[in-house]
Amino acid sequence: MTLAELLPTMRSMVQARLESRVWPTGTTVDAHGDLRVGDLRVAELANRFGTPLQLLDTTDVRRRCRAYRAALPHAEVAYASKAFLCRAMARLVADEGLSLDVCSAGELAVARSVGFPAERILLHGNAKTPEDLKAALALHVGRIVIDSLDEIDQLGALVRDRQRVLVRVAPGVDGQTHASITTGTDDQKFGFPLSTGAAAEAVRRVLAEPSLGLVGLHGHIGSQIRKVASFEEATRRLIGLMARIRDEHGVELPELNIGGGHAVPQLPGDEEFDLAGFANRIEVAVHDECHRHGLRVPRLTIEPGRALVATAGVTVYRVTAVKNTTRRWVAVDGGMSDNPRPALYGAQYAVRLIGRPHTFPTQPATVVGRHCESGDVLAREVPLPHDLRAGDLLAVPCTGAYHHSLASNYNMVGRPPVLAVEGGVARLLVRRETEEDLLRRDVG
Ligand SMILES: Cc1ncc(COP(=O)(O)O)c(C=O)c1O
Ligand SMILES: N[C@@H](CCCC[NH3+])C(=O)O
């Protein structure tokens, strides 16, 4: 055996697998701080592609898509594209046999540009514009999820043949997540509350609109929800409404979409969402309730977004300054423009020094971004090596969902690139935004 042949084996002997659930599966690190994602050295990628850099381990994404399909073999799994969308992602989702949830003409345009099967696309949104609706109809998307009485009229007027629709219901279930991403309760903007009779009224109105074909109900109770019991309760309530619809209108709806929202571990030590338990308990709930009401079992759809991509993503920053004042402030070359989640939801992240040995002792550090706000904090009081200095590289896991898609150009900072890493090969999916990009729209 030559040395070149031996090298990968020797390397794998010294590389320890990062067991923590917040990193892409198969991520390794060694005593020299050599972090490898998708079998590539992250420090090398940072040098080659610059920082901040968003990595997406596409093997990890595929694995999760397959895990969902295997756990729920009879259900439709629709990827909620708001979590992260680009053309390569849409292609991957199509290849894996998933459907796609979009909520704007823009997301639809990405799907259309790769020829995503329109039949497998669902359009959502509480404030769909005429452009959103027209784009969806022009593409002949499979289903549109109705979110207001106005939308029934607007869509009814635009449809030429017939459009299949679902009615979005707020089932009155609190998923116990951050208030800004709670959508199952009555007092929030999405859907029609079940408890007030608004959902039943919306169903009546849709059934009276000849150009709309009501195929089911939809209930998405929020995001980053840990408890399976919340989904179970929502499912039971939605089936209860299906039974009332059958009783009142003689219509048995063939589809039940219970949305997404499955939590991911944000910090090492956080629990993983119990996918097997979810699959089992939802199936039991659906069968029980349908049996109890004498309903045919509808086809189930779920719409995970975060759960498919969050932990496949790693963001790499370079330290620009370390300042010891009231505390140890570690400033990096990104911030709330690539990750507004700490500011929006108080989200917490782990941070790891990479590219050189992880020295001890560690000391608490508050990692902050480059933006002109005190709230631009990426991680508060996290343990980082005592000798951390400008030029060091920091890796932040669990950044694959709602990072790129929530990114902004605050302070005229260009958005980072997204680099797919898979089996030792790096492929640029979205290039870095340049000053030229930023100036292109400024036509005054
Ligand atoms: C209608 C709908 N479906 C699915 C999702 C996906 O949520 P998550 O990424 O938490 O799975 C969302 C976002 O919360 C949504 O609004
Ligand atoms: N943007 C939120 C999730 C919103 C879910 C979309 N309905 C987050 O980053 O957690």
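Computed from a predicted structure; not experimentally measured. Starting from 1, each residue takes its place in the sequence as its number. As the structure lists them, so they are numbered: ligands from 1, and atoms in each ligand from 1.
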Taking [X] for its side chain and [Y] for its backbone only, find out whether a donor-acceptor pair lies under 3.5 Å.
X	Y	value
T183	G222	yes
Q188	T185	yes
H178	S180	yes

| query | Does S223 approach ligand 1 within less than 4.0 angstrom via side chain, backbone, both or neither, non-hydrogen atoms only? | reply | both
| field | Residue part near ligand 1, for V145, under 4.0 Å between non-hydrogen atoms | value | neither
Can you find an N or O of [X] that's nearer than 3.5 Å to an N or O of ligand 1?
X	value
A83	no
G261	yes
H124	no
R168	no
E303	yes

| query | Measuring from the heavy atoms of F190, does anything fall under 4.0 Å of ligand 1? | reply |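 Contact absent.
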| said: Taking only non-hydrogen atoms of A307, do any sit less than 4.0 angstrom from ligand 1? | reply: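 No, that is not the case, since the closest heavy atom of the residue is not under 4.0 Å from the ligand.
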| field | salt_bridge(R237, E289) N-O dist < 4.0 Å | value |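 No, no charged N to carboxylate O under 4.0 Å.
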| Can you tell me which residue and heavy atom of the protein come closest to atom 5 (C) of ligand 1, and the distance to 0.1 Å? |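 Minimum-distance protein heavy atom for atom 5 (C) of ligand 1 reads H220 CE1, 3.4 Å.
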| Shortest protein contact, atom 15 (C) of ligand 1 (heavy atom only) |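 Answer, as residue, atom name and distance: K82 NZ, 3.1 Å.
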| task | Assess the pair H220 and F190: is the distance between their ring centroids shorter than 6.0 Å? | result | no
| query | Do H124 and H218 have ring centres separated by under 6.0 Å? | reply |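 Distance test on ring centres: under 6.0 Å, yes.
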| said: Can you confirm if the NZ or CZ of R120 lies within 45° of the ring axis of F116 and under 6.0 Å from the centre of its six-membered ring? | reply: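 Because its charged atom sits under 6.0 Å from the ring centre and within 45° of the axis, R120 does stack over F116.
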| Every residue of the protein that comes under 4.0 Å of ligand 2, judged on heavy atoms | K82, I181, S223, R306, R341, Y345, Y402, L406
| query | Of the options R62, R63, R69, R64, which is the one that meets E96 in a salt bridge (charged side-chain N to carboxylate O under 4.0 Å, His left out)? | reply |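 That would be R62.
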| task | Can you label the angle between the F273 ring and the F231 ring as parallel, tilted or perpendicular, going by 30° and 60°? | result |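 Perpendicular: the ring planes of F273 and F231 meet at over 60°.
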